[in-house]
Number of protein chains: 2
Amino acid sequence: MSSQRPTLADVAATAGVSVSTASLAFSGAGPIAASTRERVLAAATELGYSGPNPLGRQLRSGRSGIVGVVVGDALRRSFRDPVSIQVLDGLVGTLGEMNLGVLLIPGPTDPAEPPVDPLVLSAAMDVAVLLWGSGVEDPVLGALRRRGVPTVVVEGVPEPDVATVGIDDRAGMADAARHLVDLGHRRIACVSLPFDRARGEGIVAPERVGEAVWQVTRRRFEGMRDGGVEPVEIYETPASLVEHGAAAGRALLDRPDRPTAVLCQSDLLASGVVLAARELGLAVPGDVSVAGFDGLDLPWLAPDVLTTVAQPLAEKGAQVGRAVAQLLEGNHPDPVVLPVELRVGTTTGPVPA
Amino acid sequence: MSSQRPTLADVAATAGVSVSTASLAFSGAGPIAASTRERVLAAATELGYSGPNPLGRQLRSGRSGIVGVVVGDALRRSFRDPVSIQVLDGLVGTLGEMNLGVLLIPGPTDPAEPPVDPLVLSAAMDVAVLLWGSGVEDPVLGALRRRGVPTVVVEGVPEPDVATVGIDDRAGMADAARHLVDLGHRRIACVSLPFDRARGEGIVAPERVGEAVWQVTRRRFEGMRDGGVEPVEIYETPASLVEHGAAAGRALLDRPDRPTAVLCQSDLLASGVVLAARELGLAVPGDVSVAGFDGLDLPWLAPDVLTTVAQPLAEKGAQVGRAVAQLLEGNHPDPVVLPVELRVGTTTGPVPA
DNA sequence: TTGAAAGCGCTAACAT
DNA sequence: ATGTTAGCGCTTTCAA
C-alpha cells in the first residue's frame, strides 16, 4: 500500500486475496465467489480505488482501445465542414458501442509545415482512420504503414493493405449534370473543391483538371463529364466553405456572358453561389440554376432548398466503424461504396429564355 | 526475435547492444556514441522497427500523453456549434505543441441515457477537459474526481480541485443590454440557451430563470438584468442552432405586440431570429433589432453584420491548453476569466417610432 | 474457486 | 559510454 494512488495489489492485500482474484473481481473474466467479489469491491471503495489502471491493462493486452482519426485538414477548417462532422459523429457513435475512443489527429495543414503530425508517429492506437482521402504516396499513410497500424481511408483509392469506405460520387455527379442538361442548360460553370494541398483559388484552365491530386475532386469532375457537361468555366476553391462559394459566385455571375447554371462540388460552395446570386440581384433559378453535392441541411438558405446529390454521411461514419472492427479482428474488410441520390430542390429550373 | 512485431529487445540483440542502450538511441535521453546509435538505427530499419511501443513507454512513465475532452453534448450537435469548434481548435493547437493528443469523449446526450460515457470511467488520460460547463453535482466531474484525473472546466464554477477557464459573459451581456436600452428599446425579448439537460423549447415564465442549471445560461441572464433589461418574453431553446433561433423568432415576432428588440444568448440563435424576421417581412433593424453573443463570423447573413458580444474563442482554447500544462506539472492554475467586447453591427438600431 | 508466477515493452537507477 | 537490474500495473495461464 504505497502513498501514491492505490493499485490492484493494494486492494488485494486489503481484501486478503491474491492480485489475480482481485483482477477477476473487476473484469468478471473468470469464476469468482460472489462473497469474494464483494470483499474486493469493499476494499476498493475503502482505498478509493476506482478500477484498474488502463495503462497496465493496455500493455498487458497489447491494445489501447484507441482509434486515431486523422482529420483531413486543420481542425478549424475541417470542423466548419458539416460533412466531416457528420461522418465523425457516425463514427464516434459506432466506436463508442465497441468501447473504443477517438483520438483526434490534425491532418496536413499548410504545405510549409511538416506533413505528418507527431501523433501519427508515436501515439498509441489500434487502428487509424484517414477521414479525407489519401494522396498519391501519402506521407501519413506511409508512416502508419511503417508502424504497422491497420488503416481505413475514407474516400481513398483501394489499395491492398488499407480498407476503404466511400460513396459513388462519380455516378451522383453525373446525375446532377444530366439534370441540368435536361433542363436545357448548356452554359454551365463548375465550382470545384481544392485540387491539392496548394489550395489555389480562382478560375483555372480546363487542362488543369487532369492535374488534380485529390481523388474526390477528380471523381466529381469525371462524373460531370459523364453527365454530358463540359463546363464553360471552372473555379477552384481553397476549401469547401460558404465564403469561397460566394467568391466563386461573384466571379462567375457578375458579367454579361454569365452561365445559366452553376454545378458545385459541395453544398457549402453551392450555397455561397446562391448567396452571391441574390446579392447580385439574380433570381434563383429564374436567372441562374445552382446545384450542389452532399445533401446537407441548410436552414439559413430558406426559403430555398438546394438541389443536391445526397450522400449518407452518418452511415458512412458507421461503415468506417465497422471496417475498424473488422481490422481489429484481423480481417481485411472489402471496400465499401455507398450509394448517393439526386435530390431536386428549388434552386434549379429551366434555362432562361 | 519473435515472429510478431519486433521489440526494442530484438533491435538491441541485432545491433549487439543492451536494451537500455538501444532505448537511449531512440530517446536521446542520455550519453551515447554516435556510432552505436547508428548501429541501433540500422538494426531497427533492418527489422522494420518503427520506434518504441507507446504502450510500454506509457506504463513505465505513468503518462499516456492523452487529454480527454468531454464535449458538452452529442458530437453532431456540439460540432455544429462553431463556438465549441473554435475552442477545440485552439486547444488542439496548444496541446499539439506539447505533444499531447486529444481523446474525444461524448458528453451527456438525452436524459434517458446514462450520463457518463464509459470512456470517462476507463480511458487512459492524464488530464480531462469539460468543454461546456459542469452542472451542479455533475456526474462526469464526479467520476473524474474519483479516478483522480485532474480536470479543467470551461465556463465552470470555480471549485477547489478543478481549474477553470471562462469569459466575463455577465459583463458582456450587460453591455449588450445597455446598448439596446440606450437605443430606446423597452419591449425586449430574450432568446436563451438551454436551461438544463431537459432542453425544453418555447416561451418560459420569468420565474423559471432561477431554476436554470447551466451556469452560462444563468450568467447571461444576470448580465441582461445588470444592463437594465427585464425581458417581456423569454424563449428557451434546446440548443444553440440557427433553426432554433428561427423558431424562436417566429414565435416572438409574428404578432402585433411584438418586441422591438430581441437579445439572444448566442449568435446562432440571433441569426435565426434575423432570418425569421426577414421571412416575416420585418426590417432589421427598422422594425426589430437583434443582438447576439459570441462574435462569430456569419457570412451567410450578409449584407447584415450581427451586433454581438465577441469572445476570444481560440484564445480560450489556448488558455485551456495552458491550464492543462499547469495541471500536468502538478500546479493548480488560477481561474482564467477572459474579457469580451461589444461589437455593434447593422442589426441593431433606434427603437421604431 | 483461488493463488503463484510469468511477462506485456519499456525506462531509469545504478554499477561498471 | 554501456550493461545490469528492477519494476511500472495489469492479465492470464497453470497449478492447487
Side-chain angles (χ1 to χ4, degrees), chain A residues 1-41 43-44 47-65 122-126 147-148, chain B residues 1-41 43-44 47-65 121-126 147-149:
Chain A
M1 187 158 358
S2 69
S3 64
Q4 305 297 336
R5 294 230 108 214
T7 73
L8 192 55
D10 299 325
V11 175
T14 307
V17 299
S18 74
V19 206
S20 48
T21 303
S23 176
L24 258 39
F26 285 100
S27 70
I32 186 172
S35 65
T36 313
R37 198 210 336 269
E38 293 292 301
R39 207 140 36 85
V40 173
L41 266 50
L47 296 179
Y49 178 83
S50 60
N53 180 331
L55 262 25
R57 189 213 303 270
Q58 286 173 16
L59 177 58
R60 180 59 229 230
S61 65
R63 287 263 168 109
S64 62
S122 62
M125 54 182 130
D126 300 335
R147 282 188 63 181
Chain B
M1 185 153 7
S2 68
S3 65
Q4 305 297 337
R5 296 230 106 216
T7 73
L8 193 54
D10 299 325
V11 176
T14 306
V17 299
S18 75
V19 210
S20 53
T21 303
S23 176
L24 258 39
F26 285 98
S27 70
I32 186 172
S35 64
T36 314
R37 199 211 333 272
E38 292 291 302
R39 207 140 37 84
V40 173
L41 294 173
L47 296 179
Y49 179 83
S50 60
N53 181 330
L55 262 26
R57 188 214 302 269
Q58 286 173 18
L59 177 59
R60 180 60 233 232
S61 66
R63 287 262 169 110
S64 63
L121 270 14
S122 62
M125 55 182 126
D126 300 335
R147 283 188 62 182
V149 178

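Letters A, B, ... are given to chains in the order of the sequence lines, protein chains preceding strands, and every chain is numbered from 1.
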A/S23 (side chain) donor-acceptor with A/V19 (main chain) under 3.5 angstrom: no
Whether B/R147 side chain and A/G51 backbone form a donor-acceptor pair below 3.5 Å: no
Euclidean distance, atom CZ of residue B/R5 to atom P of C/dC10 [Å, nearest integer]: 11 Å
Side-chain heavy atoms of A/Y49 within contact of A/T14, under 4.5 Å: no
From CG (A/L41) to OG1 (A/T36), nearest 0.5 Å: 11.5 Å
Distance in Å, B/L47 CG paired with B/R5 CZ, rounded so as to fall on 0.5 Å steps: 10.5 Å
A/S23 side chain, from C-beta outward: closest of C/dT11, D/dT11, D/dG9: D/dT11
Nearest atoms (heavy-atom pairs only) where A/I32 meets A/R37: CG2-NH1, 3.9 Å
DNA chain D: 5'-proximal contact among B/L59 and B/V19 (nearest heavy atom): B/V19
CZ-OG distance between A/R57 and A/S27, expressed to the nearest 0.5 angstrom: 8.0 Å
Selection: residues 24-36 of chain B, any non-hydrogen atom under 4.0 Å of DNA chain D: B/P31, B/I32, B/A33, B/T36
Which atom of B/A22 lies closest to which atom of B/A12, heavy atoms considered: CB-CB, 3.9 Å
End axis versus end axis in the helix from C/dT1-D/dA16 to C/dT16-D/dA1, the angle rounded to 10°, five pairs used at each terminus: 30°
D/dC10 phosphate, OP1 or OP2, under 4.0 Å from A/Y49 side-chain N/O: yes
Length of the CZ-P vector between B/R60 and C/dA12, whole Å: 6 Å
D/dA1 base / B/T21 side chain donor-acceptor hit below 3.5 Å: no
Short side-chain N/O contact from B/S18 to OP1 or OP2 of D/dG3, under 4.0 Å: yes
Whole-Å gap separating P (C/dA4) and CG (A/L8): 14 Å
Nearest-angstrom distance from the residue atom CZ of B/R57 to P of D/dG9: 18 Å
A/L55 CG to C/dC8 P, straight-line distance once rounded to whole Å: 17 Å
A/D126 CG to B/L55 CG distance, which is reported to the nearest 0.5 Å: 8.0 Å
